[in-house]
Amino acid sequence: MPTVMNSLIRHIFLKSASIISHLFSKHLLLTNTTFSMTMDVAGDLVQQHYEILRDVQDVWKPIRTTHMGAAGLTTGILAHYWYILVDAFIPESCVKCVIKKVLYDQILFSPVYLTVYFGTIAVFEGSSKQLQSELLEKGSKIYVAQWLICPPSQFINFYLLPLKYNFF
């Protein structure tokens, strides 16, 4: 009996490894965009639940969640190609190279990422006139917060993980 169970567990692990290998090789763009969309949708669901509990809003707004998913899609595509570009431009993983990657990511890419994110939301909400004020008000706060959170995590990502596992 234990041999049958061990065989089954081994089969499950091998199948899982095969699926993960496909997701992080042949279908990396799909994997990255799906992950980005899922994270944005999940974040919105948590935020809306919190707002409902605090009586800020009455009911779940599925259109808002859809807009967040669309923003996750566009930023997921953008981030996918950005990290390929960064890795092609600076292929090494020495400490000095990783610091350059982190700085390029924060200084060059983060403002573009935030602009695409808020731009996507503005397009779907039909409020492109508010894009500039959203970027200045919310985007600047997020950008400052990113300087506290992203550099340490990106350093670890760029230093320890192969490109195919780097996303944010």
Side-chain angles (χ1 to χ4, degrees), residues 8-52 57 59-91 93 98 101-102 104-128 131 134-135 138-139 141-143 145-168:
L8 178 62
I9 291 171
R10 179 175 164 71
H11 175 74
I12 290 170
F13 279 123
L14 289 174
K15 193 66 171 169
S16 298
S18 173
I19 291 168
I20 289 169
S21 174
H22 275 50
L23 290 176
F24 286 100
S25 59
K26 292 181 182 180
H27 307 290
L28 189 56
L29 175 62
L30 178 64
T31 301
N32 287 340
T33 54
T34 301
F35 180 76
S36 181
M37 282 176 45
T38 302
M39 294 303 292
D40 281 12
V41 165
D44 184 64
L45 291 172
V46 169
Q47 180 64 31
Q48 285 199 56
H49 181 72
Y50 176 76
E51 290 172 4
I52 290 167
Q57 72 184 48
V59 295
W60 172 59
K61 299 174 183 169
I63 194 72
R64 178 177 138 179
T65 304
T66 303
H67 294 166
M68 291 300 292
L73 174 66
T74 57
T75 56
I77 292 168
L78 183 68
H80 172 83
Y81 288 109
W82 166 253
Y83 291 118
I84 290 173
L85 180 68
V86 168
D87 204 55
F89 185 62
I90 309 171
S93 292
V98 170
K101 288 180 181 184
V102 170
Y104 284 135
D105 193 50
Q106 282 301 117
I107 295 168
L108 299 177
F109 182 64
S110 190
V112 173
Y113 181 93
L114 290 171
T115 302
V116 169
Y117 172 82
F118 283 110
T120 302
I121 298 294
V123 166
F124 278 96
E125 291 180 354
S127 62
S128 57
L131 174 59
E134 290 272 314
L135 273 173
K138 294 178 183 175
K141 290 177 185 174
I142 293 171
Y143 185 67
Q146 284 181 334
W147 271 100
L148 299 172
I149 297 166
C150 292
S153 62
Q154 287 297 60
F155 184 89
I156 292 167
N157 283 340
F158 290 138
Y159 191 69
L160 297 176
L161 298 175
L163 171 66
K164 66 182 183 178
Y165 299 117
N166 277 330
F167 188 63
F168 288 109

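It should be emphasised that the depicted structure is a prediction, and the values quoted were computed from it without experimental measurement. Keep in mind that the numbers below use all heavy atoms, side chains included, and drop hydrogens, waters and symmetry copies.
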To the nearest 0.5 angstrom, please state how far the [atom1] atom of [X] sits from the [atom2] atom of [Y].
X      : Y      : atom1 : atom2 : result
Asn32  : Leu29  : CG    : CG    : 7.0 Å
Lys101 : Ile90  : NZ    : CD1   : 6.5 Å
Ile77  : His80  : CD1   : NE2   : 9.5 Å
Thr115 : Leu135 : OG1   : CG    : 5.0 Å
Gln154 : Ile156 : CD    : CD1   : 10.0 Å
Leu85  : Tyr104 : CG    : OH    : 11.0 Å

Quiz item: Step by step, would you call Phe109 with Val86 a side chain to side chain contact (heavy atoms under 4.5 Å, CB included)?
Solution: CA-CA 10 Å; Phe109 182 64; Val86 168; over 6 Å; no
Minimum heavy-atom separation for [X] and [Y], please, with both atom names.
X      : Y      : answer
Pro91  : Ala88  : CD-O, 3.8 Å
Gly139 : Leu114 : O-CD1, 3.6 Å
Gln106 : Cys150 : OE1-CB, 3.2 Å

For residues [X] and [Y], determine if any side-chain heavy atom of one lies less than 4.5 Å from a side-chain heavy atom of the other.
X      : Y      : result
Thr75  : Thr120 : no
Leu45  : Gln48  : no
Phe158 : Asp87  : no
Ser153 : Phe155 : no
Ile121 : Met68  : yes
Asp105 : Tyr83  : yes
Ile142 : Phe118 : yes

Quiz prompt | Non-neighbouring partners of Gln47 that pass side-chain hydrogen bond (donor to acceptor under 3.5 Å, both in side chains), sequence neighbours left out | solution =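 Partners of Gln47 under the side-chain hydrogen bond (donor to acceptor under 3.5 Å, both in side chains) test: Glu51.
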Using atom types as modelled and distance alone, determine if a side-chain donor or acceptor of [X] lies under 3.5 Å from a backbone N or O of [Y].
X     : Y     : result
Gln57 : Val59 : yes
Thr34 : Thr31 : no
Ser36 : Gly72 : yes

Quiz item: Is the closest basic N to carboxylate O distance between Asp44 and Lys61 below 4.0 Å?
Solution: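 Looking at Lys61 together with Asp44, the answer is no, because their closest N to O distance does not fall below 4.0 Å.
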Quiz prompt | Ring geometry between Tyr117 and Tyr113 (parallel below 30°, tilted from 30 to 60°, perpendicular above 60°) | solution =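 Ring orientation, 0 to 90° scale: parallel.
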Quiz item: Between His67 and Phe124, how do the two ring planes meet: parallel, tilted or perpendicular, split at 30° and 60°?
Solution: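 Answer is tilted, since the angle falls between 30° and 60°.
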Quiz item: Given Leu108 and Val112, is the side chain to side chain contact (heavy atoms under 4.5 Å, CB included) satisfied, shown in steps?
Solution: CA-CA 7 Å; Leu108 299 177; Val112 173; over 6 Å; no
Practice problem: Indicate whether any N or O donor in one side chain lies under 3.5 Å from an N or O acceptor in the other, for Ser110 and Trp147. | Solution: no
